[in-house]
2 protein chains.
Amino acid sequence: MLRNDITVAIRNAVMSELAEVGYGRLSIEAVARRAGVGKTAIYRRWSNKLEMVLEIITDVAGRKVPVPDTGSFADDLDLLMMIVSRALQHRVASQIIPDLMAEAARNPQIAETLQRVLRLHQQSVGEKLVGQAIARGELPEGTDADVAVDLILGPLYWRLAVSRQPIDGDYLEKLAAAVLGSLRGGSAKSK
Amino acid sequence: MLRNDITVAIRNAVMSELAEVGYGRLSIEAVARRAGVGKTAIYRRWSNKLEMVLEIITDVAGRKVPVPDTGSFADDLDLLMMIVSRALQHRVASQIIPDLMAEAARNPQIAETLQRVLRLHQQSVGEKLVGQAIARGELPEGTDADVAVDLILGPLYWRLAVSRQPIDGDYLEKLAAAVLGSLRGGSAKSK
DNA sequence: ATGCGGCGGAACGCAACCGTTACGTCGTAG
DNA sequence: CTACGACGTAACGGTTGCGTTCCGCCGCAT
């Protein structure tokens with residue numbers, strides 16, 4: 001019944017609007033205006049701003065991220081960092097993600113949704129990667145996957161989404177090398 | 001002329017309101033309500049929501065952070081991480097900082113203010129610290145301070161302000177050890 | 001040919017907030 | 001005692017957005 005092209009237009013408008021003004025200031029009327037549809041079309045699909053945003057970002061972020069598995073941890077790491085950095089450099093993503101993260105700190109519904117989406121996908125990627133490396137003997141036995149994930153994603157996120165400095169050609173390599181060194185150094189052991 | 005107790009009440013109210021609803025939804029009327037003052041008292045001091053917030057956060061964040069200088073890079077690092085993690089665990093800070101960071105991505109005025117405050121204080125701390133360590137010969141000559149700062153602050157910020165997982169007793173130690181290893185590993189060389 | 005249903009558009013009453021103004025109170029300086 | 005100025009309160013007109021309703025249009029299935 002509901003026309004699909006209209007739905008798509010609304011989804012795109014929501015993403016753009018989220019990027020431009022953030023969740024806090026996102027208004028249904030602005031979404032309708034931007035999508036070139038009537039408010040009725042929106043309320044026919046969702047009953048809330050919150051419900052609408054949650055459904056849409058769940059859908060967008062839920063697309064599976066391929067787990068790098070090149071056979072070598074160093075290469076896996078390079079690849080993962082490239083994928084993540086590419087994602088974080090997309091204009092829309094780099095605006096929406098920090099905004100929703102901040103919003104999650106005060107809205108449990110958003111927090112829970114992001115946790116589901118990010119932790120179950122992206123973060124599990126990191127854990128899987130570390131697991132593979134340990135199994136292959138490339139990382140020390142007791143390596144703490146938790147710490148490892150923070151070490152891998154933290155600097156990238158900080159650089160790209162927070163301090164927003166451009167990354168030049170070999171920055172990624174240097175960072176990957178440093179992360180590799182920190183994990184192999186045998187310091188991030190658990191218990 | 002302007003009563004100081006009123007000014008203080010407003011400043012506190014702004015911080016609380018920022019933490020609760022974020023910059024996007026912060027309203028002058030809500031601030032006045034919370035501070036128990038009239039809107040006139042606010043407009044007598046600032047002419048804008050933006051101007052008000054900028055002035056207040058500049059003041060709050062501008063308080064100098066002591067640069068750790070224990071004589072040993074490892075101890076400096078431990079200390080710095082403890083200071084930063086403490087700061088990021090304060091409820092108000094952990095809500096306001098990500099919110100303003102996200103807002104900075106779309107408001108140049110906020111971005112510039114945060115850059116001034118954070119980069120000139122916190123970030124320079126990191127660079128100074130690395131500089132000391134290189135001078136003492138504790139880190140390789142060409143260590144890239146840029147990468148080092150990302151490696152130090154990134155994981156902490158990610159953990160505390162983004163993924164918001166609690167840090168147990170020895171997490172900080174493990175993280176510090178890993179960071180130390182990554183820098184000493186001689187990987188984060190410049191050029 | 002007819003009818004159903006999604007569509008855009010317009011308007012509704014309601015609420016919040018903007019930035020400004022007028023008013024009356026109160027503490028303090030002179 | 002008087003005058004000044006900051007204060008809280010209340011109200012202003014104007015804007016924006018909510019969520020709802022009604023209208024007329026149009027595509028599509030029967």
Side-chain angles (χ1 to χ4, degrees), chain A residues 1-57 59 95-96 99-100 102-103 106-110 113, chain B residues 1-57 59 95-96 99-100 102-103 106-110 113:
Chain A
M1 305 188 173
L2 298 172
R3 275 171 52 187
N4 198 36
D5 55 333
I6 302 285
T7 305
V8 169
I10 297 176
R11 298 183 111 90
N12 291 338
V14 168
M15 295 301 284
S16 305
E17 208 64 20
L18 265 185
E20 272 187 27
V21 304
Y23 178 82
R25 275 206 267 260
L26 180 134
S27 80
I28 302 277
E29 306 217 334
V31 171
R33 239 175 290 147
R34 180 187 285 255
V37 306
K39 279 200 291 178
T40 34
I42 296 179
Y43 281 107
R44 209 171 284 125
R45 289 166 171 78
W46 304 278
S47 58
N48 268 325
K49 161 173 143 180
L50 177 58
E51 189 187 305
M52 173 181 73
V53 170
L54 286 184
E55 198 268 351
I56 291 177
I57 62 163
D59 178 75
Q95 305 250 70
I96 291 183
D99 182 82
L100 289 180
E103 200 62 32
R106 52 182 91 95
N107 186 323
Q109 298 233 51
I110 294 184
T113 301
Chain B
M1 304 188 173
L2 298 173
R3 274 171 52 188
N4 197 33
D5 56 332
I6 302 285
T7 305
V8 170
I10 297 175
R11 296 183 113 89
N12 291 337
V14 168
M15 294 300 285
S16 305
E17 208 65 19
L18 265 186
E20 271 185 29
V21 305
Y23 177 82
R25 276 205 267 259
L26 181 133
S27 80
I28 302 278
E29 306 217 334
V31 170
R33 239 174 302 161
R34 180 187 285 256
V37 306
K39 280 200 289 178
T40 35
I42 296 179
Y43 281 108
R44 209 170 283 127
R45 288 165 173 78
W46 304 277
S47 59
N48 267 324
K49 160 173 142 179
L50 178 58
E51 188 186 306
M52 174 181 72
V53 170
L54 287 184
E55 198 267 353
I56 291 177
I57 62 161
D59 178 76
Q95 305 249 73
I96 292 182
D99 182 81
L100 289 180
E103 200 63 31
R106 53 182 90 92
N107 185 324
Q109 297 234 51
I110 294 184
T113 300

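Predicted model only: the values in this text are computed from it and were never measured. Letters A, B, ... mirror the listed sequences (proteins, then strands); counts begin at 1. Values below: all heavy atoms of this structure, side chains included; hydrogens, waters and symmetry mates excluded.
- Partners of B:Arg34 under the salt bridge (Lys or Arg N to Asp or Glu O under 4.0 Å) rule, at least two apart in sequence or in another chain, are B:Glu17, B:Glu20.
- Within residues 9-20 of chain B, no residue has a heavy atom under 4.0 Å from DNA chain D.
- With a 4.5 Å cut-off on side-chain heavy atoms, B:Leu18 and B:Ile56 do not count as touching.
- In this structure, the CD1 atom of B:Ile6 is 6 Å from the P atom of D:dC7, given to the nearest Å.
- Counting heavy atoms from C-beta outward, B:Arg11 and B:Glu55 have side chains that approach closer than 4.5 Å.
- Within the 4.0 Å cut-off from OP1 or OP2 of C:dC7, not a single side-chain nitrogen or oxygen of A:Arg3 is found.
- Here the C1' atom of nucleotide D:dG8 and the CG atom of B:Asp5 are 13 Å apart, to the nearest Å.
- Counting heavy atoms from C-beta on, the side chains of A:Leu26 and A:Met52 come closer than 4.5 Å.
- With salt bridges taken as basic N to acidic carboxylate O contacts below 4.0 Å, none links A:Arg45 and A:Glu51.
- Looking at heavy atoms from C-beta onward, A:Leu54 lies out of side-chain contact with A:Trp46 at the 4.5 angstrom threshold.
- Within the 3.5 Å criterion, the main-chain N or O of B:Arg3 finds a donor-acceptor partner in the side chain of B:Thr7.
- The side chain to side chain contact (heavy atoms under 4.5 Å, CB included) test applied to A:Asn12 returns A:Val8, not counting sequence neighbours.
- Contact check for B:Leu50 versus B:Ile110: side-chain heavy atoms found under the 4.5 Å cut-off.
- Considering only residues two or more places apart in sequence or on other chains, A:Glu29 meets the salt bridge (Lys or Arg N to Asp or Glu O under 4.0 Å) condition with A:Lys39.
- The CG atom of B:Leu50 sits 11 Å away from the P atom of C:dG19 (whole-angstrom rounding).
- Distance CG (B:Asn4) to C1' (C:dG27): 16 Å, rounded to an integer number of Å.
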Q: Could you run through nucleotides 15-24 of chain D and give me one letter per nucleotide, 5' to 3': B if any protein heavy atom sits under 4.0 Å from the base, S if only the sugar-phosphate is that close, - if neither?
A: --SBBBBB--

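- Atom CG of A:Leu2 and atom C1' of C:dG6 are 7 Å apart (whole Å).
- The shortest side-chain heavy-atom distance between B:Leu100 and B:Ile96 falls under the 4.5 Å cut-off.
- One axis for each end of the helix from C:dA1-D:dT30 to C:dG30-D:dC1, each built from five base pairs, and the angle between them comes to 10° at 10° resolution.
- Summarising the geometry, the separation between OH on B:Tyr23 and C1' on C:dC17 is reported as 14 Å, rounded to the nearest angstrom.
- The interatomic distance linking B:Arg44 (CZ) with D:dG8 (P) rounds to 8 Å, in whole Å.
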